Amino acid sequence: MTTGKPIKVAMLGCGTVGTEVARLLREQRHDLAARIGAPVELTGIAVRRPNKHRDAPQELLTTDSAALVESDVDVVVEVIGGIEPARGLLLSALRAGKSVVTANKALLAEHGPELYAAADASGADIYFEAAVAGAIPLLRPLRESLAGDRITRVMGIVNGTTNYILSAMSATGSGYGETLEEASRLGYAEADPTADVDGFDAASKAAILASLAFHTRVTASDVHREGIASVTAADIAAATVLNRTVKLLAICERVTGQDGAEAVSVRVHPAMIPDGHPLASVGGAFNAVFVEADAAGQLMFYGQGAGGAPTASAVLGDLVAVARNKVAGGRGPRESAYAELPVRPMGQASTRYHISLDVADRAGVLSQVAAVFAEHEVSIAAVRQEGRPTDASLVVITHAATDAALRSTVDKIAGLPVVREVVSVMRVEGEES
Ligand code: NDP
Ligand code: HSE
């Protein structure tokens, strides 16, 4: 029975995600009403260019987002993206006690605390499952299912566009530009795809994941960020030779210093992982995230990380949750940042490295290079040298070393007269240190 008063919903944006949200709302209205205990009524859709939206219900379209938010609605769904006007519109909705569902990771990673405070002040909900890893239920498990555990690490592939590009480069040797165009055409990329390739999107998601996992405010500016623009065909070939795969990883860790004090380390960068690692086989726009917790052990979340319909599934899930809360007269769990752990600088992050050098092929070269590693206390795990007609290729894989020590080592090695070029430096993850 769905006798409840209709839950009125305003939607801001009707692009890749919004179009699918509107479709699912229409097609599943009877089931949604039964699950919520009240019908859902979409009362308006704000867009910039109404003429572009021939397939949308014309009577619902408006360019006046502010008026739509101020109208008599219970929930605002935001799928515009970017900081403004999304931030102002959502603050205005929350301050008026209207619940918010958003897929906007860039906004949450920069202004999350301001939005959560506004929600707390008025008793409204703010839900954002779609903001990280598309269709994959990940944030609710972190916020609710694992609320009784102590999470130590969250690591995974959280950007579909870059995974699509890297998968294509590895499988077929396709070029970077053409694959990015394809990812945009398929609706995976952000409106400005540099957000994907330069790692901003993954860094926003890492900030959200770390905040939830460690009950600490982590913003995008706390996240060390490297994108995939510097990943070359040579890097991918080098990884292949070593039975490894290059992936853009987001890594959020709880770390304990020598003084016993806890901190968090959050970083996004390309890394080589062994072909046998579960993340290595995650292809195309799929995402996968490992969560490690003291009592639960290892958990893995996998699914479609981008695209209109998968993302709309997560938006609808949130919409049902906030609508149920409205019907029941309560609200969902609040954001919690009680732990207030400091964020550790990247220089102190510790990983293994793969370093590929072009060197002169003569006696004593290896010992000169090895001496620089020793001087910086970076321990070598493996070395592979291959002679070529006029020089040699030297590949060094290290044991775990701090980012700062590795940087100094590479800077010094680059200046050695016997080193012709530092061809690539890439972190190695997913192996024993
Ligand atoms: P699109 O660029 O496809 O759509 C954006 C929509 O917002 C368009 O309909 C646009 O209107 C509208 N819009 C833009 N600016 C304004 C404005 N000032 N006022 C009113 N409407 C405006 O983006 P997506 O659907 O791909 O993404 C939406 C959000 O979802 C973003 O936050 C994104 O990060 C997030 N997201 C996207 C995923 C994906 O796979 N695409 C996955 C997970 C999250 P018009 O069309 O008229 O220009
Ligand atoms: N542009 C994002 C991606 C969309 O490629 O992962 C999903 O958040």
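Worth saying up front: this structure is predicted, and the values here are computed from it rather than measured. Remember, it's 1-based here, ligands and their atoms both numbered in the order they're listed.
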Top protein contact for [atom], by heavy-atom distance:
atom	result
atom 6 (O) of ligand 2	G160 N, 2.7 Å
atom 7 (C) of ligand 2	G305 O, 3.3 Å
atom 5 (O) of ligand 2	T161 OG1, 2.6 Å
atom 8 (O) of ligand 2	K105 NZ, 2.5 Å

Roughly how far apart are S221 OG and E110 CD, rounded to 0.5 Å?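 If we round to the nearest 0.5 Å, S221:OG and E110:CD are 7.5 Å apart.
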
Using a cut-off of under 3.5 Å, which N/O atoms of ligand 1 pair up with protein N/O atoms, and what distance separates each pair?
| from | atom 1 | to | atom 2 | distance (Å) |
| --- | --- | --- | --- | --- |
| ligand 1 | 3 (O) | T16 | N | 2.9 |
| ligand 1 | 3 (O) | T16 | OG1 | 3.2 |
| ligand 1 | 9 (O) | C14 | N | 2.8 |
| ligand 1 | 9 (O) | C14 | O | 3.4 |
| ligand 1 | 9 (O) | G15 | N | 3.1 |
| ligand 1 | 11 (O) | R48 | N | 3.4 |
| ligand 1 | 25 (O) | T16 | N | 3.2 |
| ligand 1 | 25 (O) | V17 | N | 2.9 |
| ligand 1 | 34 (O) | K105 | NZ | 3.0 |
| ligand 1 | 34 (O) | E190 | OE1 | 2.7 |
| ligand 1 | 34 (O) | E190 | OE2 | 3.4 |
| ligand 1 | 40 (O) | G187 | O | 3.3 |
| ligand 1 | 40 (O) | G307 | N | 2.6 |
| ligand 1 | 41 (N) | G187 | O | 3.0 |
| ligand 1 | 46 (O) | K52 | NZ | 2.8 |
| ligand 1 | 46 (O) | H53 | NE2 | 3.0 |
| ligand 1 | 47 (O) | R48 | N | 3.1 |
| ligand 1 | 47 (O) | R49 | N | 2.7 |
| ligand 1 | 47 (O) | H53 | NE2 | 2.9 |
| ligand 1 | 48 (O) | R48 | NE | 3.1 |
| ligand 1 | 48 (O) | R48 | NH2 | 2.9 |
| ligand 1 | 48 (O) | R49 | NE | 2.9 |
| ligand 1 | 48 (O) | R49 | NH2 | 2.6 |

What verdict does the side chain to side chain contact (heavy atoms under 4.5 Å, CB included) test give for K98 and V73, after you've listed the backbone C-alpha separation in whole Å, the side-chain angles of each residue and the deciding distance to 0.1 Å? CA-CA 7 Å; K98 295 165 187 176; V73 294; 3.9 Å; yes

Under 4.0 Å from a heavy atom of [X]: which atoms of ligand 2 are those, numbered in the order shown and with their elements?
X	answer
D196	1 (N), 2 (C), 3 (C), 5 (O)
K205	2 (C), 3 (C), 6 (O), 7 (C), 8 (O)
N159	2 (C), 3 (C), 5 (O), 6 (O)
Y188	1 (N), 2 (C), 3 (C), 4 (C), 5 (O)
E190	1 (N), 2 (C), 4 (C)

Assess whether side chain to side chain contact (heavy atoms under 4.5 Å, CB included) is satisfied between I355 and V395, documenting all intermediate values. CA-CA 6 Å; I355 300 126; V395 171; over 6 Å; no

Is any side-chain N of the basic residue among [X] and [Y] closer than 4.0 Å to the acidic one's carboxylate O?
X	Y	answer
D120	R334	yes
D318	R140	yes
R150	E262	yes

Quick one: do the T245 and D275 side chains pair a donor with an acceptor below 3.5 Å?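 T245 vs D275: donor-acceptor pair found between side chains.
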
Which of parallel (below 30°), tilted (30 to 60°) and perpendicular (above 60°) describes Y338 and H215?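 The rings of Y338 and H215 sit tilted, inter-plane angle from 30° to 60°.
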
Below 3.5 angstrom, do we get any N/O pair linking N287 and ligand 2?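 Among all N and O atoms of N287, none is under 3.5 Å from an N or O of ligand 2.
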
A130 N/O to ligand 2 N/O under 3.5 Å: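 No: no nitrogen or oxygen of A130 is under 3.5 Å from one in ligand 2.
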
Relative to ligand 2, is D201 under 4.0 angstrom through side chain, backbone, both or neither, heavy atoms considered?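 Within the 4.0 Å criterion, D201 contacts ligand 2 through side-chain atoms alone.
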
Hey, do the aromatic rings of Y353 and H399 have their centres closer than 6.0 Å?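 Judged by ring-centre distance (under 6.0 Å), Y353 and H399 do not meet the cut-off.
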
Using side chain to side chain contact (heavy atoms under 4.5 Å, CB included), reason through H376 and L406 one step at a time and then give a plain yes or no. CA-CA 8 Å; H376 292 86; L406 197 281; over 6 Å; no

Walk me through whether V255 and V264 qualify under side chain to side chain contact (heavy atoms under 4.5 Å, CB included). CA-CA 6 Å; V255 286; V264 298; 6.0 Å; no

Is G134 in contact with ligand 2, taking contact as a heavy-atom separation below 4.0 Å?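 Contact check G134 vs ligand 2: negative.
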
Flag this pair as yes if the NZ/CZ of R143 is under 6.0 angstrom from the six-membered ring centre of F128 and inside a 45 degree cone about the axis; otherwise no.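 Judged by the rule, R143 and F128 form a cation-pi pair.
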
